[in-house]
Structures are given as C-alpha cells and as structure tokens.
Amino acid sequence: MIRRIIRRIFRKPGRGASARRAVEPAVIPPESHPVRREQISPGSRRVCETLQHQGYKAYVVGGAVRDLLTGATPKDFDVATDATPDEARRCFRRSHLIGRRFQIVHAMMGREIVEITTFRGSEKDAAKTDAHGRLLRDNVFGDQSEDAARRDFTINALYFDPVTEQILDYHHGVADLRQKTLRIIGDPKIRYREDPVRMLRAVRLSAKLGLFIDPETRAPIREMAALLANVPAPRVFDEILKMLTSGHAIKCLSVLRDEGLQQLSLLDAALNEGEKFILLALADTDQRIRKGKTSSPAFLFAVLLWGKVNAAWRRLCEEGEHPNPALSQAMSDVLHAQNEKLVINRRIAGDIREIWALQPRLEQRSGKRAYGVLAHPRFRAAYDFLLLRAAAGEISQELPDWWLAFQEADAKKRADMLLPGGGKKRRRKRRKTENQASHAEESHAEKNSAKEDGD
C-alpha cells in the first residue's frame, strides 16, 4: 500500500497529459448541497471506496451529480478515477476491460455494472480531426482538471465524493444550475466543431432541465448546424432517441425549431407529413415517461416515419398494386431511404415493420384472423398506433373501439362480435357431367314413381 502511494507520487504524468498547472476546483461541502451518499447506487459507492482505499482518486461524475442536484433520479452512476484501466481492473475481482481506442473498466458489483473511466487529457498534439475540425481520435490520459475541461457543459463537470460527500466544481456548474443556465466549457465554436452533437445535447438538456442556453453558447448554433451532416448516423440516432424519451419531447421539438436544428433531424421531414399525428404521439410519450413507464423506440420511430409510408402506400395502391405487397414495398423504400440519413438498427427496424404491417390486418375482424392479430406479440403497440391514427382523424374511431371491446370480451362474446364471413373458404360446386346429370334425372324419376306407388 505504502509503495503504491509513493510510486503514484513520483509517477510521471499520464500519456499526453499537459504540463500546464492544474486548475484547482471549488470544493463544496456537504452542508452546502443536497446530495448524500445514500442517493448513490451501492455498487458505485463500493467502487469509489475501493479505489480510494488503494490510493487512487475516485468520484461519481457527470449527469448523475447534475440530476441529484436538481432533484431528478439518475439513470446510471459513472465513476472517474486517476487509475489507469489496468490499475482499476486489478482492484476488482469481477471486472473486465472494454473498448479499443480508449479503454474503460466494467466492474460487476452484485447485479450492478459500474463503468469506470480514467481521467482524460487534453493534449492537442494527440488529437486527430477531420476537415471540419471534428475530433476523430483524442484518447489520452490526464489529470482531473483536464478531465473536467474535456466535458461539454459546466453542469456536467461535477465530481461527487461519496466518502466525504464533497462536490468538486471546476467550472462553476453548481452556480449555473442554480441560475438555470446552460453554459458550454471553452470556446463554443471550437467545442461545436470538435463534436457537433453537442448542439443537439444543448437542446435536450435545456428542455429536460428547464435551463436557458447562455447567449454565447447559443449564438453559433444556427450558423454551425450544417456540421451535424458530418456526424456518424448512429450517434445522431442515439441523441434523437434520448430527446424522444426524455419526457420532454415536445419541448425539445420547440427548442430545435428555435435554434434552427429541426431541418437537419428526422423530425422536420416527419412533421411535414403529419404534424398532428406526431404531436399527439410525443405528448402521450412524455406523459408515460413522467409516470415512470417505458416507451418503445420502435413505436416512436414508427410514428415519425408513418407519414412517408402511408403516402407511398396510397400511391402504389392508386397505381394498381395490391394493398399488401404495396405496403411491404412502401415500408422497405422508406426504411432504406431513412438509413442513408439516420441508421436504425435491425432489431428496431424489424419491430417498426411489424407495427406497420398490423395496421391493415386490424381492419380484418372476421374468423380466425381477428384471433391471430390479437395473439400477435406486437398487437399492443399496433393497437396504440391505431388509437393515434384515429385521434389524428386518419381513420374512424369505430375501429379502435371495436378492438378495445374485443380485447375485454369473453370467448362467447368475442365469437358474437366477429363480422359475417368468418374467413371460411366456400366450397366450389362441382359441375356435373352429362352422364351424371342423366343418372340423376333417372334416379329422381324412380323416386317419384315409388312415392306414387306407395313404396
């Protein structure tokens, strides 16, 4: 233990660490903030305690501290440390390294998986950028002050020590939270060029937390919005999904419009096809999430893309295509075109297709077909989708009302509710040959003769 501490004292700075003097943070004592160690997950507390016991620095960082300060419940708790990934891994029996360019450690603490990252540096010589200034590779270790400077907004550069219950604040993030201000760390133009997704993140955080975007942070967004076109599609997809599931999707949409970012996202094209339908869906999603319920990504993107699918489906039907293959073709065309702008992974795309494909099947309310639709794994999502279509005036309310009654009915009532036809195939009458017809006539004459004779 003593040898480890001595080695760390005289150890050279990490790879790429800057030689400049470290910035000292403001230390906020427990009596000046509401966050307590009991609010931190047990696994994260144990990770910090173990690393500190081994002579390392270790803190709960970022969004978890921010959310606890605002009274929200964090989704997860990440730990940052000055231990290298190999050093951190050796501190925990059940742990492993992940990542290639910048390795992090996943430590299994019971059923909880805690993500441990090493403080990142700001060595500009190690950074690799594209023609627009976006960082492609900048994965070096550094000290805590450099790690704080690497973070995007001041409210995310907060470090909570679950042992002492102190908060280390390098960029006045606590004050900004109290003043309801969202402020980027450093020169906004440089930071947006390094990672244009920060502009979308500014929209989401301001909407979610009810913050005003600082004028200097906000000013370059509209003129630099085009940089989002150079960001890998999966990253944009993830950020839009976070907006839609933030519980403040309607507010995010409003801020996107205000900041001139709407036209570069999926939301702009979707709203042109059916604004009422989408706003109803987003309002319902916000309400569900605020009540602690979940929301399916497949359902949300099925809503956003339905306007294009429906328009293409109708066009193909008008051109003479059968409705079922026409819908299949429309779904494929829209998803293929969308993947050129915003990649949707295969699993979610498969769920989206099933929700859409069930829409015409929900109109079939006879025989075994209705029972088959009711038993489908995506029936509930498809039914909720049908309700939205009715609320938007696309279809009659009578159809979702019938399915609601059908779900709640017992077996006998369900059978009585089915429409005539039952889906049974009618037997085709066999045409009689001339010999069969002649034989039938002779047989009929013999029967009549027998009746006349009293049999």
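These figures come from a predicted structure and were not determined experimentally.
Ile344 is listed as a side-chain neighbour of Leu305, based on a closest heavy-atom distance under 4.5 Å. Looking only at side-chain heavy atoms (C-beta outward), Leu227 and Arg193 come within less than 4.5 Å of each other. Side-chain atoms of Leu51 and Gln54, non-hydrogen and from C-beta on, never get closer than 4.5 Å to each other. Taking 4.5 Å as the limit, some side-chain heavy atom of Leu200 sits within range of a side-chain heavy atom of Leu256. Contact of the Ser246 side chain with the Cys252 side chain is registered, since non-hydrogen atoms from C-beta on lie closer than 4.5 Å. In this structure the side chain of Phe77 reaches within 4.5 angstrom of the side chain of Leu68, judged on heavy atoms. At a threshold of 4.5 Å between non-hydrogen side-chain atoms, the residues Cys48 and Phe160 do not count as touching.
Within 6.0 Å of the NE2 atom in His106, the count of heavy atoms belonging to other residues, nucleotides or ligands exceeds 12. No more than 12 heavy atoms of other residues, nucleotides or ligands shown are found within 6.0 angstrom of CZ on Arg218.
In summary, Arg204 and Glu239 engage in a salt bridge, as defined by a charged side-chain N under 4.0 Å from a carboxylate O. Looking at Asp351 and Arg378, a side-chain N of the basic residue comes within less than 4.0 Å of a carboxylate O on the acidic one, giving a salt bridge. Checked for salt-bridge contact, Lys189 and Glu223 meet the test: a charged N lies under 4.0 Å from a carboxylate O.
Between the side chains of Tyr170 and Asp147, no donor-acceptor pair is found at a separation under 3.5 Å. No donor-acceptor contact under 3.5 angstrom links the side chains of Thr84 and Asp86, judged on distance only.
Rounding to the nearest 0.5 Å gives a distance of 11.5 Å between OG of Ser145 and CG of Leu168.
Within the structure, the side-chain hydrogen bond (donor to acceptor under 3.5 Å, both in side chains) test picks out the following pairs touching residues 280-299 (sequence neighbours left out): His248-Arg290. The list of side-chain hydrogen bond (donor to acceptor under 3.5 Å, both in side chains) pairs with a residue in residues 59-72, not counting sequence neighbours, reads Arg66-Asn156. Among residues at least two apart or in separate chains, there is no salt bridge (Lys or Arg N to Asp or Glu O under 4.0 Å) pair with a member in residues 313-337. Pairs passing the salt bridge (Lys or Arg N to Asp or Glu O under 4.0 Å) check and including a residue from residues 171-184, sequence neighbours excluded, read Asp176-Arg183, Arg183-Asp214.
Aromatic ring orientation, Trp306 versus Trp356: tilted (interplanar angle from 30° to 60°).
With sequence neighbours excluded, the residues that form a side chain to side chain donor-acceptor pair (under 3.5 Å) with Arg365 are Glu398. Not counting sequence neighbours, the partners of Ser332 by the side chain to side chain donor-acceptor pair (under 3.5 Å) test are Arg353.
Minimum interatomic distance between Ile213 and Ala202 (heavy atoms only, all atoms of both residues): CD1-O, 4.1 Å.
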Would Leu261 and Ile221 count as a side chain to side chain contact (heavy atoms under 4.5 Å, CB included) here? Give the steps. CA-CA 8 Å; Leu261 294 172; Ile221 290 179; 3.9 Å; yes
Check the pair Phe385, Phe379 against ring pair (Phe, Tyr, Trp, His ring centres under 6.0 Å), reporting the backbone distance first and the verdict last. CA-CA 10 Å; Phe385 196 90; Phe379 168 76; over 10 Å; no
Working for salt bridge (Lys or Arg N to Asp or Glu O under 4.0 Å), residues Arg46 and Glu49: CA-CA 5 Å; Arg46 286 174 56 196; Glu49 290 166 359; over 6 Å; no
Assess the residue pair Phe301 and Phe237 against the criterion (ring pair (Phe, Tyr, Trp, His ring centres under 6.0 Å)); give the C-alpha distance rounded to whole Å, side-chain angles, the decisive distance to 0.1 Å, and a yes or no. CA-CA 10 Å; Phe301 282 95; Phe237 173 84; 4.9 Å; yes
Evaluate the salt bridge (Lys or Arg N to Asp or Glu O under 4.0 Å) criterion for residues Lys242 and Asp238: first the C-alpha distance (whole Å), next the side-chain angles of each, then the deciding distance (0.1 Å), finally the verdict. CA-CA 6 Å; Lys242 288 178 181 178; Asp238 288 342; over 6 Å; no
Run Arg191 and Asp152 through salt bridge (Lys or Arg N to Asp or Glu O under 4.0 Å) and show every step you take. CA-CA 8 Å; Arg191 302 310 302 279; Asp152 48 12; over 6 Å; no
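Across Lys57, Gln166, Gln52, a single residue satisfies side-chain hydrogen bond (donor to acceptor under 3.5 Å, both in side chains) together with Asp161, and that is Gln52.
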